[in-house]
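What's counted below: heavy atoms across the whole structure, side chains too, no hydrogens, waters or symmetry copies. Given the structure is predicted, the values throughout are model-derived calculations rather than measurements.
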Amino acid sequence: MNIVRALLLSALTLTTLLAFAQTPATHGIDLTSIDRSVKPGDNFYLFANGLWMQRTTIPADRPSVGHFRELADRSDQQVLALALDAARSSAPNTDPRRIADLFESYMDLTAIEHAGLTPLQPTLDRIAALHNRKQLSAFLGSTLRADTDALNNTNFHTADIFGLWVAPGFQDSGHYAPYLMQGGTELPSRDYYLDASAHMQEIRAKYLTHLTTLFRLADRYAGSQQTDNPAQRAQRVLALETAIAKVQLSLADCENIHKANNLWRASDFRSKAPGLDWPSFFLAASLSTQKTLYVWQPSAIVGESALVASTPLDVWKDWLALHAIEDSAPYMSRSFDNQHFALFGTVLTGATAQRPRDIRAVRALNQYLGVAVGKLYAQRYFSPQAKADAEHLVANLLAVYHKRLEAITWMAPSTKAEALAKLSALQVSVGYPDTWRTYTGLDIRPDDLLGNIDRAKLFDYHYNLSRIGQPVNRREWCMNPQTVNAVNLPLDNALNFPAAILQPPFFDPNAPDAANYGAIGTVIGHEISHTFDTEGADFDAKGKVRDWWTPADFAHFNAATAALAAQFDTYEPLPGLHVNGRQTLGEDIADLGGVNASLDAWRAAEAGKTPPKFGGYTGEQQFFIAFAQVWATKTRDAALRRQLLTDPHAPGEIRALTVRNLDAWYKDFNVQPNQKLYLPPAQRIHIW
């Protein structure tokens, strides 16, 4: 370990220099990125970021690069330093020791290679021993795990047959409840199985080859030969996953809260979704005493349960074995790890090299011991002054949002009163949580990587089960302080702004206010705006799903949001592949509201003063440029295609074009009717 640590310290220095190589030396907008040859009214994204796009190359181990990614790199290096320090000084049976041991187990390639398939073999033996549907149902229940990416990150995808999400109940927002989510496929979304385009057919062909290779690798390590050859087994798995994809809902449909608000009694599952032996499933999943569960995608749950009955048991055993191998591959020997990356890295994102091993270890720490890492991160990297400054910005944005809501003329007084009450009740947390969860009882060993991952998943699952039926803690965080992101939690009516995003270039105490409000201010405004996006508008001040709109107000809201979706439908980041405006609508509403609110907040902070120019740009111009530069991103085509199909966020180059809907932008950059981004005033969309 001493040799490894010395090597890692060298890597830390080099990688840190690379991560900060593109960080501007000045405070404020990055003048070196602006391409003055581009008219803002023709392509505002390229005007603000054109020179950055020209000089930036995507490293071989990345699907994309951008300012979000640069800040995430900084956070990774900070976490790496914490892990190395934990290895030096942590006491036994403490969370810092768990951090050190998980990190060491990830870096011990010799032990991983020596273990081969051995850590996974007991699971594969259990699968091979399944003889009937009752045993299959129990095994599927035993592998149910917490799905933390449901409404929080609007991902709605898990490789397990189903995912379990624990959150405040739609109908009882004061207590935690279980939600059963669709799952069962390894590829990123149902489109990868069902899209008939030549590109997707090519991906499926490569996926089939990948599955065959995984089966061959497992046979080779086990020293055995299956009765059916690997190619046939792979074909059966692909066929089953395709059948599962056919009954899954699209991402856009999954985001419809009213379609998800389905509370089933546990005793109803046998009649409503026949096929799976539900009592055996729930018993194995430690849910046998649960009387009710929310079913997010009923048609998918019904369809997948029917497949359990209609698909031969041997096919399900192949599916289970393949998923066990696939999901474990990143934590196994190089042959499995490299094969996993060949598909999920190179084919699906275009990256041709893996991230450095130490950074991948950091990602594992964040995923499986994230709260423990976050506690150390907040103590070292987020000062009380930074927290106070960020809270001041948030307060300014909230005050402005109150004024904007009060000034809306299209809302009836009853609807407006509900909206203002919801905003007043919003729980805002900045930097890190008030209390810290611990991992006491989690067994992490320095020489058992795959075992550590499995035990951490099970530990997290039981933690989530323990919350069911308990009163909701609206101050609880769903993100870690070291995460470069922010989130609105509609079921909690709460916001989380992690410490890691509250750093330059998003938030720089030495930068002009125009740059800070254009960057982090619009991010804060974005999250506040989610309170009233197409999802947030369905929840009241207590996080309960409730209709608090008058019919006329809701019709106005729907018309305005439909127009925004239609606007985004016109954007074509790749030839023949457009943004799905319905899929990205919630984020697009939040972007639009966030920019408007942050602009007003900046103007209020200036109190009528004329800020000095910077690089020849006025204060308002700096604000809009800072907003566009937040979204500076360069993405490989494969990764961009995946984003367009599976992500509720539009690509950065498209999000920057939100400014087309703000009257002030036209004035500040003298945008004329003959320019490409020009929208007549009547077509500019105003919601909040």
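Shown here is N93, whose CG atom has no more than 12 heavy atoms of other residues, nucleotides or ligands within 6.0 Å. Counting non-hydrogen atoms of neighbouring residues, nucleotides and ligands closer than 6.0 angstrom, the CZ atom of R265 reaches no more than 12 such neighbours. Crowding of H199 atom NE2: a count of heavy atoms from other residues, nucleotides or ligands under 6.0 Å exceeding 12.
Under the 4.0 Å criterion applied to side-chain N and carboxylate O atoms, R133 and D277 are not assigned as salt-bridge partners. Look at R74 and E70 and you find no salt bridge, because none of the NZ, NE, NH1 or NH2 atoms lies under 4.0 Å from a carboxylate O. A salt bridge links D253 with R582: at least one charged nitrogen is closer than 4.0 Å to a carboxylate oxygen. We find that R98 and D95 are joined by a salt bridge, their nearest charged nitrogen and carboxylate oxygen being less than 4.0 Å apart. Using a 4.0 Å cut-off between charged nitrogen and carboxylate oxygen, D108 and R357 do not count as a salt-bridge pair.
Under the 3.5 Å distance criterion, the side-chain polar atoms of S305 are matched with a main-chain donor or acceptor of A273. Using a distance-only test at 3.5 Å, with no hydrogens or angles considered, no donor-acceptor pair links the side chain of E104 to the main chain of D447. Panel note: side chain N480, backbone N366; a donor-acceptor pair is recorded below 3.5 Å. Not one N or O on the side chain of Q482 forms a donor-acceptor pair closer than 3.5 Å with the backbone of A500. Distance alone, capped at 3.5 Å, places no donor-acceptor pair between the S75 side chain and the A72 backbone.
Atoms CZ and CG, from R641 and L577 in turn, are 5.5 Å apart once rounded to the nearest 0.5 Å. In this structure, CG in N338 is found 11.0 Å from NE2 in H340, a value given to the nearest 0.5 Å. Taking CE of M332 as the start and OH of Y221 as the end, the distance is 7.5 Å to the nearest 0.5 Å.
When R437, R467, R455 are each tested for a salt bridge (Lys or Arg N to Asp or Glu O under 4.0 Å) with D460, only one passes: R437. In summary, of the residues considered (F162, W165, W264), a ring-ring contact (aromatic ring centres under 6.0 Å, His included) with Y179 occurs for W165 alone.
The aromatic ring centroids of F568 and Y571 lie less than 6.0 Å from each other.
Counted by atom type alone, T143 and D160 present zero donor-acceptor pairs between their side chains at under 3.5 Å. Side chains of Y207 and E241: a donor-acceptor N/O pair is present below 3.5 angstrom, by distance only. Defined by atom type and a distance below 3.5 Å, a donor-acceptor pair is present between the side-chain atoms of K134 and S280. Q121 and D125 are linked by a side-chain donor-acceptor pair at a separation below 3.5 angstrom, with hydrogens and angles left out of the test. A donor atom on one side chain and an acceptor atom on the other are not found under 3.5 Å apart for T483 and N485. For the 3.5 Å distance criterion, the side chains of H649 and Q643 fail to qualify, holding no donor opposite an acceptor. Side chains of T633 and T635: a donor-acceptor N/O pair is absent below 3.5 angstrom, by distance only.
For P122 against T118, the heavy-atom pair with the smallest separation is CD-O, 3.3 Å. In plain terms, the two heavy atoms of H578 and L644 that are nearest each other are O-CD2, 4.3 Å.
In this structure, L313 and Q135 have side chains that are not in contact, with every pair of non-hydrogen atoms separated by 4.5 Å or more. Proximity of W296 to I257: side-chain heavy atoms (C-beta onward) are separated by under 4.5 Å at one or more points. Taking 4.5 Å as the limit, some side-chain heavy atom of E326 sits within range of a side-chain heavy atom of H210.
Classification of the W278-F269 ring pair by plane angle, with boundaries at 30° and 60°, yields tilted. Using cut-offs of 30° and 60° on the angle between ring planes, the pair W319 and W316 is perpendicular.
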